[in-house]
There are 2 protein chains.
Amino acid sequence: MSLTPAVPDGKRPTLADVAARAGVSTALVSIVMRDAKGAGAATRERVLQAAREIGYRPDARARLLRSRRSRLIGVQFGLQHPFHADLVEGVYAAAEAAGYQIALSAVTAGRSEQRAVETLLADRCEALILLGPQAPAARLAELAGQLPVVSVARRLRPSGSGPEVVRTADDEGARQAVDHLVGLGHRDVVHVDGGRAPGAAGRRRGYRTAMNRHGLGAHLRVMPGGPTEEAGAAAARALVTAGPRPTAVLAFNDRCASGVLDVFLRAGVAVPGDVSVVGFDDSRLARLAHIGLTTVGQDVARLARLAVGRAVARVEGGAASGGTGAVEDVVPPRLVVRGTTAPPR
Amino acid sequence: MSLTPAVPDGKRPTLADVAARAGVSTALVSIVMRDAKGAGAATRERVLQAAREIGYRPDARARLLRSRRSRLIGVQFGLQHPFHADLVEGVYAAAEAAGYQIALSAVTAGRSEQRAVETLLADRCEALILLGPQAPAARLAELAGQLPVVSVARRLRPSGSGPEVVRTADDEGARQAVDHLVGLGHRDVVHVDGGRAPGAAGRRRGYRTAMNRHGLGAHLRVMPGGPTEEAGAAAARALVTAGPRPTAVLAFNDRCASGVLDVFLRAGVAVPGDVSVVGFDDSRLARLAHIGLTTVGQDVARLARLAVGRAVARVEGGAASGGTGAVEDVVPPRLVVRGTTAPPR
DNA sequence: TCTAGTCGCTAGAACGTTCCAGTCATGCCG
DNA sequence: CGGCATGACTGGAACGTTCTAGCGACTAGA
């Protein structure tokens with residue numbers, strides 16, 4: 001009673017092995033394994049039994065090679081970015097529901113986007129989903145000429161031939177945050193921005209227009225930041241040591257907000273007593289009970305579903321659907337009020 | 001001058017297309033693409049030129065199907081675990097150096113380890129590297145019977161047939177931390193443990209033996225914790241509200257320590273003034289300038305290198321090398337002293 | 001001049017699967 | 001009983017590579 005595959009030599013069992021054992025043709029085994037119609041109930045059971053006995057496992061490569069469709073979607077993501085992790089999780093779920101497989105390719109310090117995409121292409125993906133891609137727009141457009149490409153969280157100039165885009169309405173999110181703060185009575189609201197990070201421009205714009213709309217143009221103040229804790233901490237240090245302290249801070253994202261929070265706490269600046277802080281993303285970080293960050297939530301599940309949906313539609317609709325309708329899905333954000341915001345002193 | 005592939009129908013170009021264009025056989029094109037010897041310099045250039053012109057890109061699936069070797073290592077990792085992200089980064093680098101490819105398969109809330117492993121097996125990986133696997137030892141042993149398996153950061157009873165193990169000396173790390181704290185003059189050192197998380201048992205043991213060795217058995221105190229910020233925060237709250245406050249806390253890992261830090265800061269407990277805090281992992285979190293956590297560093301790059309090395313050795317050495325030598329690599333940790341530890345008041 | 005070795009290249013058979021076109025019963029309708 | 005769907009099943013050709021022979025033409029040593 002061994003659990004190791006019962007095939008003479010060390011090779012892994014194939015369709016032919018199962019077929020031989022069940023006394024049928026390989027074609028029929030293939031039918032059974034794919035759960036396709038064309039096999040009788042009794043034979044089906046017999047084949048499955050044989051497959052189980054010798055520990056047969058279909059070879060994904062061979063399957064993909066033969067069938068025209070690969071039903072494979074390549075996903076490029078930043079390994080160190082928690083927000084991407086959330087997105088990938090959603091993409092897995094959405095793809096599974098649509099009957100597609102996912103091939104992951106990570107971008108790290110030592111592995112460029114270029115390389116990540118190349119491996120995905122070599123794997124015969126039918127479509128690519130790029131999470132927060134940093135590559136030049138021209139490169140992305142070229143890629144989109146070869147296969148359906150969906151850019152998530154990176155805004156691109158809409159064009160008929162370029163990648164499709166799925167993103168959160170960053171400006172709208174920043175507006176909601178500002179409205180919330182102003183509604184609480186704040187006037188000195190500072191924005192620690194995200195620099196060149198995807199989405200940063202939109203959030204900056206949203207902050208500006210919202211402040212102006214409230215007649216607070218004179219209080220406009222954008223501090224250079226970034227998408228990391230360090231960036232937030234640096235900005236907060238500048239606020240603590242120099243310059244007049246605002247009554248509220250809108251950070252580029254949750255990690256940035258976390259850096260701000262930490263420096264404030266260390267400097268004895270009470271949150272939300274002395275200063276209110278708002279983040280962006282509603283990442284796991286923000287939800288942690290002991291942080292309880294007020295933040296602008298992105299609907300990650302929906303972004304993922306839309307991205308997969310667009311990719312699948314393009315793949316199944318062929319090139320024809322490339323030109324139809326909007327090439328951009330914009331998902332509305334939702335302010336999540338937690339414990340880091342309150343009326344000013 | 002179009003950038004789209006110059007093949008009549010919409011199909012992606014193959015070896016045959018390149019061969020036709022260059023006026024040679026497909027076998028020769030294969031040789032050239034693989035950079036193998038057996039082709040003249042002039043022809044080589046001509047073939048490459050042709051390939052470039054029609055935008056040829058080798059098909060990884062077909063290649064893998066045909067060649068006996070796949071040179072593919074499957075990696076299972078926890079999508080939400082930053083420490084795994086660091087490891088994966090190292091694994092990518094090590095694998096590349098060894099001439100192997102990596103196939104990633106993530107474990108998430110909605111995607112079990114079982115499923116992750118299944119897709120890797122279907123992809124014909126030659127070996128599996130599992131990061132902090134939670135599956136029962138029996139299941140891992142069964143898997144190891146089918147192909148080389150390396151478990152990283154999860155300790156397993158050494159056996160000739162089970163998975164190989166690469167891990168940090170968790171007990172030794174805890175010991176270093178305790179030595180450091182005791183050396184500073186601390187006696188009331190509490191350990192917030194990791195519960196059932198991989199490595200937790202070793203760190204608990206190291207803490208206990210180190211305390212005893214220093215004659216501080218009476219001060220032994222292990223609080224139930226876990227690998228997340230919430231767990232650390234919960235333990236810290238208990239320390240702040242009830243019971244005598246220790247002068248130092250050794251947390252299971254950096255995330256846990258971060259939760260402890262946050263609660264302490266909020267409660268007005270100065271770190272390291274009132275209490276010293278030590279983490280574990282030396283993750284990006286600990287290195288952040290504004291946190292500056294004293295922590296026990298795991299040599300991630302080395303763990304990754306060893307894991308890949310073991311996998312490759314088993315693959316290339318065949319089953320023969322399965323029985324030889326140790327089946328466990330234990331990497332020594334290194335205490336990284338930063339700003340969260342100081343002599344007690 | 002004969003061998004033997006190297007070099008550049010090609011034909012054709014794998015690899016493990018799916019797809020297509022059938023074959024052979026069987027059942028049903030008129 | 002003829003005709004003709006319908007369903008179960010099979011043979012064999014793909015899919016895009018790599019691998020094993022082996023071929024012809026040189027070179028070089030004896």
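For the numbers below, each heavy atom of this structure counts, side chains included, while hydrogens, waters and symmetry mates do not. Convention: sequence-line order gives letters A, B, ...; per-chain numbering from 1.
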(request) Sequence neighbours left out, what passes side chain to side chain donor-acceptor pair (under 3.5 Å) with A/Q101? Give chain and number order. (result) none
(message) Is any side-chain heavy atom of B/T108 closer than 4.5 Å to one of B/Q80?
(response) no
(message) Using side-chain heavy atoms (C-beta onward) and a distance below 4.5 Å, is A/P198 in contact with A/R155?
(response) no
Please write out each protein N/O paired with an N/O of nucleotides 18-20 of chain D under 3.5 Å, distance rounded to 0.1 Å.
from   : atom 1 : to    : atom 2 : distance (Å)
D/dT18 : OP1    : B/R63 : NE     : 2.7
D/dT18 : OP1    : B/R63 : NH2    : 3.4
D/dT18 : OP2    : B/S30 : OG     : 2.5
D/dT18 : O2     : B/R66 : NE     : 2.9
D/dC19 : OP2    : B/R34 : NH1    : 2.9
D/dC19 : O4'    : B/R66 : NH2    : 3.0

(message) Applying a 4.0 Å non-hydrogen cut-off, can you work out what A/G38 is touching in the nucleic acid: base, sugar-phosphate, or nothing?
(response) base
(message) I need the minimum non-hydrogen distance between A/R71 and A/G99, along with the two atoms involved.
(response) NE-O, 2.9 Å
(message) If the test is side chain to side chain contact (heavy atoms under 4.5 Å, CB included), which one of A/I73, A/V75, A/V117 qualifies with A/L128?
(response) A/V117
(request) Name the first nucleotide and the last nucleotide along DNA chain C (5' to 3') that come under 4.0 Å of a heavy atom in chain B. (result) C/dG8 to C/dG16
(request) Mind calculating the distance between CZ (A/R44) and C1' (D/dG7) to the nearest angstrom? (result) 12 Å
(request) Can you tell me the distance, in whole Å, between the CZ atom of B/R124 and the P atom of D/dT17? (result) 18 Å
(message) Checking B/R302 now: which residues fulfil side-chain contact (heavy atoms from CB on, under 4.5 Å) with it, not counting sequence neighbours?
(response) B/D299, B/R305, B/L306, B/V331, B/P332
(request) For a side chain to side chain donor-acceptor pair (under 3.5 Å) with A/S105, tell me which candidate from A/E118, A/R111, A/Q76, A/E113 qualifies. (result) A/R111
Do any side-chain atoms of residues 31-41 of chain B form donor-acceptor pairs under 3.5 angstrom with protein atoms, and if so which ones, sequence neighbours left out?
from  : atom 1 : to    : atom 2 : distance (Å)
B/R34 : NE     : B/S30 : O      : 3.3
B/R34 : NE     : B/S30 : OG     : 3.1
B/R34 : NH2    : B/S30 : OG     : 3.0

(request) Work out how much the helix from C/dT1-D/dA30 to C/dG30-D/dC1 bends between its end axes, five pairs an end, to the nearest 10 degrees. (result) 40°
(message) Using side-chain heavy atoms (C-beta onward) and a distance below 4.5 Å, is A/F77 in contact with A/V91?
(response) no
(message) Tell me which one of A/R314, A/R68, A/R69 satisfies salt bridge (Lys or Arg N to Asp or Glu O under 4.0 Å) with A/E126.
(response) A/R69
